[in-house]
Amino acid sequence: MSKKNPEYDFKWCPGCGDFGVRRALEFAMIDRLEETGLPIENNVVVAGIGCSGNLVHLLEGSQPYGFHGIHGRSLPISMGVKMGRPDLNVVVVAGDGDFLSIGGEHIAPQAARNLNICAVVMDNGVYGLTKGQSSPTTKLGVVTSSTPFGKMENEADPLELYLTLGVSFIASGFSGNPRQLAGLIKEGMNHQGFSMVHVQSPCVTYNDTYELLKGKPKEGIEPLVWDIPEDHEPNDKAAAYNLIQKRGLPIGVIYKDESRPSLDQRIEDIWSKAKEQTAQQLIDAYEF
Amino acid sequence: MQMRDFVVRFAGEGGQGVVTSAEGLAQASTQVGYHALTYATFPSQIMGGPTWTQARISDQPILSAGDDVDVLVAFNREAYETHASEVREGGVIIYNSDDKEFENFSPTDGSKSFGLPIDELARSTGNNRSANMVVMGALAHLVNMPQEYLDDFVDSRFSRGRANDDEIIASNKQAMTLGRNHTSESGLSLGDLAPPKKPENKQLMIKGNDALCLGAVAAGLNFYIGYPISPATTILIWMERNLVGPGKFAYQVSSEIESITGLLGGGFAGRKAMTATAGPGFSLMSEGLGLAWMSEIPLVVVDVQRGGPATGLPTKTEQSDLFSCMYPAHGDVRLPVIAVGTVEEAFQGAIWALNWAERYQGPVILMTEMAIAERVQNITKPDLADFKIENRKVYEGTNGYHRYEGFELSPMPIPGNPGAYVANGSEHDEMGDTTHLPERHIQMTERRFSKLNLLKDGFFESENTESRIAVMSWGGSKGPSQEAYAQLRDQGLDISWYYTMFLNPLPPKLLEELQSKDLVIVPELNYQGQFSSILRSEGVKAKSITQYTGLPFKVRHLVQHISEMAQASEKATVR
Ligand SMILES: Cc1ncc(C[n+]2csc(CCOP(=O)(O)OP(=O)(O)O)c2C)c(N)n1
Ligand code: SF4
Ligand SMILES: [Mg+2]
């Protein structure tokens with residue numbers, strides 16, 4: 001929404017990590033406009049249901065197209081947009097619950113397809129919109145409104161999951177650094193294939209992890225996030241595994257496989273093999 | 001005795017040529033100018049398993065698969081035991097006496113059964129693959145079909161421009177002669193099939209699901225995704241093979257949830273989008289269909305009905321999804337529904353469904369059913385010039401557009417162009433932003449329902465409309481109902497005939513006429529009497545004749561129940 005809409009009454013809590021992600025996505029889309037000359041309307045932002053998905057209504061400045069659908073289905077909706085219109089830049093914005101829990105079934109097939117979509121997951125380790133239930137990334141033992149005696153499941157490791165499923169571009173980001181995050185999102189958009197940008201975007205109301213992520217250098221508490229060193233080889237899968245096993249949260253591009261064609265490229269190959277026929281020709285074939 | 005039509009049932013094990021024999025007979029017959037219709041059941045196993053297919057051949061257009069079996073061709077003992085009782089008085093059973101299971105077999109009803117050494121006769125021609133032709137020859141004898149017709153068929157079928165064409169043609173003709181002679185020795189015969197009257201128009205020989213695919217492509221379909229499920233899989237396969245080329249796309253995705261949400265993406269992005277599924281897959285699409293209604297995205301979902309609920313009867317026919325098709329989602333939703341009743345209508349219905357979706361910018365459900373999906377039939381070749389193809393109203397202005405303004409349809413912006421908005425599944429304002437204001441929910445709810453008024457142009461069939469009592473079937477029960485109606489009229493019963501494939505919204509004039517009747521009798525294949533229940537909610541005094549066997553109606557049963565109901569005004573259940 002380009003200007004204040006009095007009817008739209010959803011607000012992120014002050015300090016919510018999603019502000020930073022929104023800023024980063026705006027930067028990335030503007031950069032893309034400047035680089036490609038394609039208008040903002042060439043971007044489609046497909047949003048999940050959650051506090052995070054509201055980003056699609058809160059974007060400032062000139063507006064991309066948006067699709068705010070149903071819980072867990074942002075990935076297959078974006079799949080349809082991209083399959084139908086490979087010329088569009090398609091971005092998913094979704095929460096950890098939306099993407100990894102109810103929508104988890106769509107990640108593996110999308111990784112296998114390698115359709116050219118960039119998914120930005122805003123991980124706050126909690127269900128924000130429904131007021132604080134546990135999510136797949138909530139840590140074992142943590143008390144939430146739906147885990148009164150502590151969470152009984154182990155937490156998911158999304159980066160390892162993406163790597164194992166064969167996602168062809170994996171980046172890890174932090175909403176506290178929008179400029180850096182914008183760079184990762186842009187690199188994801190430019191990647192020919194499925195790109196995952198997994199963002200730590202704290203929920204200050206139900207799971208405030210800011211201190212943990214940023215640390216307290218003055219009190220000698222190390223930050224959890226650290227920048228991936230320049231000598232990391234993102235096209236080396238073993239190195240990527242090593243990186244994410246290390247303590248804390250590496251920020252930057254973890255893995256990138258540019259050797260695989262994307263599904264959109266493979267579709268074009270099919271056209272050269274298959275014989276296109278008109279409706280009339282197809283009908284004629286049944287005549288006797 | 002002259003016969004206008006005859007019905008042959010081929011029964012055996014999957015892989016024994018049951019389907020190819022029936023389709024071969026249908027093809028041979030249509031080639032010489034008869035009308036033919038096959039009715040297939042799937043085996044429930046992948047390899048083997050009992051299966052049967054029925055072919056009805058007639059000198060005039062065929063409406064149903066036929067109540068009675070004139071000839072049973074039993075490829076094995078089990079088929080014999082299972083189907084022998086369905087052969088009518090005076091009918092004939094041919095069994096493959098070469099099948100081990102028939103060793104030392106002496107039929108109890110010796111008079112009408114005879115063993116045909118199908119494999120041995122085929123082998124003696126030097127072409128083992130001519131077994132079908134042995135059977136065809138036998139059938140030709142039974143109905144006294146002139147040999148020249150069959151020769152013509154063999155000539156055209158096997159002239160493929162290969163070096164050994166002549167050899168193959170000769171062996172097939174020989175196989176036919178052997179089958180014919182062998183049968184003539186049995187002394188059995190059914191009568192003389194009336195000579196064919198070659199249809200005036202060009203004809204297609206086509207399966208229901210293929211006709212539906214052709215209709216969709218003729219309507220400009222350019223985006224198809226789906227997930228395999230009987231009896232809709234053949235549509236996916238057809239599309240993946242044929243919907244290719246720049247700007248066209250067909251693909252197998254990983255679930256029906258991906259199908260419907262992917263269609264939403266495709267429809268939003270400007271494509272003419274369709275998927276096909278059956279009961280279980282349709283249930284999974286529930287939430288997505290609500291989203292399509294809410295966000296105003298054109299798309300078509302084909303429901304090829306099979307027996308339900310849950311996994312139900314995957315290989316049997318039923319008409320029990322009408323409630324779920326009309327009301328697939330939570331909230332205030334009532335979707336447009338077109339239900340096809342014949343192979344021709346599968347073609348037309350697909351065009352209408354895509355046109356409607358584009359016109360009202362929303363989801364349309366196209367219903368068909370197992371019995372039509374798998375039916376192969378000759379139909380008049382459609383002329384594309386007879387169909388108007390519609391495309392959605394596209395927004396062509398500048399940025400700053402209010403996509404959901406007002407109480408009625410408005411032009412739809414397409415990504416890549418000015419007019420960006422958010423397609424929103426939450427209640428929204430004119431720009432697509434989420435809102436909870438009562439006046440907005442009122443506006444948007446009324447807007448969504450008002451768009452259905454754009455779909456009141458469906459047509460309907462009617463006959464003898466003066467009567468106080470009417471028969472009005474829907475979907476695949478059309479054929480048997482039509483036959484029953486014709487017989488009842490011949491018997492002098494005063495009754496009207498109505499039929500439409502446009503179940504929601506109903507053509508207004510049709511509804512008006514139905515409302516004026518004392519009784520509208522609705523034959524339908526479900527327990528609850530779903531369509532009559534919907535008609536009653538529209539103020540029509542409707543009562544159903546229900547059947548839930550997994551099989552189509554028999555004309556005989558409908559004749560009996562309709563006349564009983566016309567007299568007693570009672571609901572009837574066929575068992
Ligand atoms: C099918 C369905 N189930 C449940 C919900 C309720 N629901 C809305 S948002 C949400 C969880 C959101 O969590 P997350 O995706 O992590 O987003 P966040 O609010 O944390 O950004 C749930 C369970 C729903 N809208 N639809
Ligand atoms: S509840 Fe949490 S996630 Fe939602 S807006 Fe507030 S801080 Fe952000
Ligand atoms: Mg969350």
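Residue numbers begin at 1 in each chain, while the letters A, B, ... track the order of the sequences. Worth saying up front: this structure is predicted, and the values here are computed from it rather than measured.
The heavy-atom pair separating B:V244 from A:E276 by the smallest distance is O-CG, 3.3 Å. Residues A:M79 and B:G262 come closest through the heavy atom pair CE-CA, 3.9 Å. Listed here is the closest heavy atom pair of B:L291 and A:H68: CD1-O, 4.5 Å. B:V217 and A:A279 make their closest contact through CG1-CB, 3.9 Å (heavy atoms, listed as atom of the first residue, atom of the second, distance). In this structure, A:E41 and B:A420 approach most closely via the heavy-atom pair CG-CB, 4.2 Å.
Heavy-atom distances place both the backbone and the side chain of A:L282 under 4.5 Å from chain B. Interface residue B:M431: only side-chain heavy atoms are found under 4.5 Å from chain A. Residue B:I297 touches chain A through its side chain alone, counting heavy-atom pairs closer than 4.5 Å. For a residue to count as touching a neighbouring chain, one of its non-hydrogen atoms must lie under 4.5 Å from one of that chain's; by this rule B:S255 touches chain A with the side chain only. With a threshold of 4.5 angstrom between heavy atoms, B:L264 approaches chain A through its backbone and through its side chain. Contacts between B:N399 and chain A at a heavy-atom distance below 4.5 Å involve the side chain alone, from C-beta outward. Contact of B:F249 with chain A is made through the side chain alone, with heavy-atom distances under 4.5 Å. For B:I206, the parts lying under 4.5 angstrom from a heavy atom of chain A are both the backbone and the side chain. At a 4.5 Å heavy-atom cutoff, the contact between B:S295 and chain A is made by side-chain atoms alone. Within the 4.5 angstrom heavy-atom criterion, atoms from both the backbone and the side chain of A:I77 approach chain B. For A:Q110, no part sits under 4.5 Å from any heavy atom of chain B, backbone or side chain. With a threshold of 4.5 angstrom between heavy atoms, A:L263 approaches chain B through side-chain atoms but not through N, CA, C or O. If you measure heavy-atom distances from B:R241 to chain A, you find no contacts under 4.5 Å at all. If you measure heavy-atom distances from A:P109 to chain B, the contacts under 4.5 Å come from the side chain alone. For B:L299, no part lies under 4.5 angstrom from a heavy atom of chain A. Neither the backbone nor the side chain of A:K82 has a heavy atom closer than 4.5 Å to any heavy atom of chain B.
Using a 4.5 Å cut-off on side-chain heavy atoms (C-beta onward), A:Q63 and B:V422 make no contact. Counting heavy atoms from C-beta outward, A:V44 and B:F268 have side chains that approach closer than 4.5 Å. Using a 4.5 Å heavy-atom cutoff, the side chains of B:T261 and A:F67 are not in contact. At least one side-chain heavy atom of B:V253 sits under 4.5 Å from a side-chain heavy atom of A:R113.
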Exercise for review: Start with the C-alpha distance between B:Q27 and A:F288, add both sets of side-chain angles, then the distance that settles side chain to side chain contact (heavy atoms under 4.5 Å, CB included), and finish with yes or no.
Suggested key: CA-CA 9 Å; B:Q27 254 170 16; A:F288 62 87; over 6 Å; no
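Note: A:D284 CG to B:K202 NZ = 7.5 Å, rounded to the nearest 0.5 Å. Here the straight-line distance linking atom NE2 of A:H71 with atom CD of B:E287 works out to 9.0 Å at 0.5 Å rounding. Note: A:F10 CZ to B:T434 OG1 = 9.0 Å, rounded to the nearest 0.5 Å. To the nearest 0.5 angstrom, A:Y286 atom OH is 9.0 Å from B:K207 atom NZ. One finds the OH atom of A:Y8 at 9.0 Å from the NE2 atom of B:H436 (value rounded to the nearest 0.5 Å). Note: B:D210 CG to A:I283 CD1 = 12.0 Å, rounded to the nearest 0.5 Å.
Note: B:N242 leads B:N242, B:L221, B:N378 in heavy-atom pairs under 4.5 Å with chain A. Counting heavy-atom pairs closer than 4.5 Å to chain A, the top-ranked of the candidates B:A216, B:G425, B:P246 is B:P246. Note: B:G416 leads B:G416, B:G266, B:G270 in heavy-atom pairs under 4.5 Å with chain A. Interface remark: of the candidates A:N42, A:V46, A:I267, A:I267 forms the most heavy-atom pairs closer than 4.5 Å to chain B. Listed options B:I379, B:T30, B:L263 were ranked by heavy-atom pairs under 4.5 angstrom with chain A; first place goes to B:T30. Ranked by heavy-atom pairs under 4.5 Å with chain A, the first of B:R271, B:M294, B:Q31, B:H428 is B:R271. Here A:H106 is the residue among A:K275, A:K273, A:H106, A:Q277 with the most heavy-atom pairs under 4.5 Å with chain B.
Of the possible polar contacts, one joining the A:Y65 side chain to the B:N417 backbone as a donor-acceptor pair under 3.5 Å is found. When atom types are taken as modelled, the side chain of A:R85 and the backbone of B:A269 share a donor-acceptor pair closer than 3.5 angstrom.
Annotation: B:E200, atom CD; neighbour count of heavy atoms from other residues, nucleotides and ligands within 6.0 Å does not exceed 12. Heavy-atom neighbours of B:Y404 OH from other residues, nucleotides or ligands within 6.0 Å: above the threshold of 12.
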